[in-house]
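Report on the structure given below.
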Number of protein chains: 2
Amino acid sequence: MPRPRTRTGALKDRLLSESISLLESGGAVAVTARRVASEAGTSTAAVYELFGDKAGLVRSIFYEGFERLAAELVAEAPCGDPYRDVVAMFDATRRFALRFPMLFEVMFARPFIEFEPGPKDFDAAAQIYTEVIRRVAALLDTGETDEVTVDAAHALVALDRGLLGSELSGVLGRSAASIERRRATAFETMIVGLRAKVVGS
Amino acid sequence: MPRPRTRTGALKDRLLSESISLLESGGAVAVTARRVASEAGTSTAAVYELFGDKAGLVRSIFYEGFERLAAELVAEAPCGDPYRDVVAMFDATRRFALRFPMLFEVMFARPFIEFEPGPKDFDAAAQIYTEVIRRVAALLDTGETDEVTVDAAHALVALDRGLLGSELSGVLGRSAASIERRRATAFETMIVGLRAKVVGS
DNA sequence: TTCTCAAAGATAACGATGTTACGAAACGTC
DNA sequence: GACGTTTCGTAACATCGTTATCTTTGAGAA
């Protein structure tokens, strides 16, 4: 008896996709309910029925970013050399950040006033966390639940996060060469130090 | 013949001060032209005459943040032990970030859509840069313009930035003990590694 | 003292945004 | 072909950034 639904999961996916396109092409300022709805061929009311509010839409973008990044990290198959496997993972993160800088900012900065990720939202990064832990454990030859492993993983993730934050802000270096040299030496220093600390204890 | 001016530098300072108060108490969403003007006892037009636009106001907040941080870092007088002097500087940064988390976010995240800092805006951090370079050069016993010094400074700043980003997001650890342990081990690992790299070459 | 007028301030309006109440549209059923 | 229910899009509201407009002010002229 009713008219057929159009505000389905498929439309939700479509709205999310259009939101990310608008985000990458025009920045956070371009992601408005009216524009997103228009791009997806629907109305603002559909956005609010499917996402609750603007924060819900941005939260979905946030989750989608972590899913895409996790997919790329897992696709980076380990080559057997634990050192290179760790570096390759962070290099993949960097490629992702440079390819989708706005999406990366939603994940690690906070370009939308409406949405501040809480502790629960970072559960979206669980798959990435697992992958990092796995490779760091292999790097240090320690157990995946060992404190030293978890601490080392946090140190490396923080270093990567800081380096990418600096690079995306344009303050890590002027030339591509200096940027990559600083990245490489920072990671090398940290990784060698972490290994030495494990061996020494 | 005209009426006396009230839109002076003093009012600009007052508006900036009220903006930061609103920012810290109510987040970025609380910093509106109307509210800032009202708190300072003036009108929105004064905000626009003194700051140009909203981005100009946020830019002033951004600058003020770097000035306050620089003042706190310089006040942290070196004790003679280069290692402890470097750690003390980053500890001071952390105290600042925990005391003014919103201001810190304006400096290193991007909570306002209106203002994205460009390379030129980071000139505001020149004084901090100088202080970091000075202490890192002392740490490594290298020249302040040496590539190794500058690279090491970037690595440490990035590590600090990443650690604080993680901590402020609530993902660095659950207990204060684990957070501080991870900070300490990360910095120790990096600093020891940087020193070893200099000595070894 | 009162009037004038130029400088300076505040008000109010405009477009755009997040959000939602409301009326319009579409389908199976009688 | 009309009805009713479900669903959808439109339009309205409050608020925001922004600026044109109008009001106020106070020293000097009459």
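Order of the sequence lines fixes the chain letters, A, B, ..., with proteins taken first and strands second; residue numbering starts at 1 for each chain.
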*Within this structure, what is the CZ-to-C1' distance between A:Arg7 and D:dT10, rounded to whole angstrom?*
11 Å
*Where the side chain of B:Arg5 is defined as all heavy atoms beyond and including C-beta, which of C:dG18, C:dG9, D:dC16 is the nearest nucleotide?*
C:dG9
*Salt bridge check: are B:Glu116 and B:Arg59 linked by an N-O gap of less than 4.0 Å?*
no
*Which whole-number value in Å describes the distance from A:Leu50 CG to C:dT19 C1'?*
15 Å
_Pairing of B:Arg182 and B:Glu167 as salt bridge, 4.0 angstrom limit_ = no
_Taking A:Arg68 first and then A:Glu64, would you say they form a salt bridge - that is, a charged N and a carboxylate O separated by under 4.0 Å?_
yes
*Hey, are B:Arg195 and B:Asp141 close enough for a salt bridge, meaning a charged N less than 4.0 Å from a carboxylate O?*
no
*asked:* Taking 4.0 Å as the cut-off, does a side-chain nitrogen or oxygen of A:Thr6 come that near to OP1 or OP2 on D:dT7?
replied: no
_So for atom CD, which belongs to B:Gln127, do other residues, nucleotides or ligands contribute more than 12 heavy atoms lying within a distance under 6.0 Å?_
no
*Nearest of D:dC16, C:dT17, D:dG9 to any side-chain atom of A:Thr42?*
D:dG9
*Starting at CG of B:Leu15 and ending at P of C:dG9, how long is that distance when rounded to a whole Å?*
12 Å
*Quickly work out the A:Ile113 CD1 to D:dT15 C1' distance and round it to whole Å.*
13 Å
All N/O pairs under 3.5 Å across the protein-nucleotides 19-23 of chain D interface:
residue : atom : partner : partner atom : Å
D:dT19  : O4   : B:Thr44 : OG1          : 3.3

*asked:* Between C1' on D:dA14 and CZ on B:Arg35, what's the gap in Å once rounded to a whole number?
replied: 13 Å
_Check ion pair A:Glu131-A:Arg134 (N to O, under 4.0 angstrom)_ = yes
*Using whole Å, report how far CD of A:Glu49 lies from C1' of C:dA21.*
14 Å
*What parts of residues 26-34 of chain B reach DNA chain D, counting only heavy atoms under 4.0 Å away?*
B:Val31, B:Thr32, B:Ala33, B:Arg34
*Salt-bridge test for A:Glu18 and A:Arg14: reply yes if a basic N is under 4.0 Å from a carboxylate O, no otherwise.*
yes
*Should A:Glu76 and A:Arg135 count as an ion pair when the cut-off is N to O under 4.0 Å?*
no
*Take atom CG of B:Leu11 and atom C1' of C:dG9, then tell me their distance rounded to the nearest Å.*
11 Å
*For residues A:Phe112 and A:Phe62, establish whether the separation of their ring centroids is below 6.0 Å.*
no
*Gap between atoms NZ and P, on B:Lys54 and D:dT15 respectively (whole Å)*: 16 Å
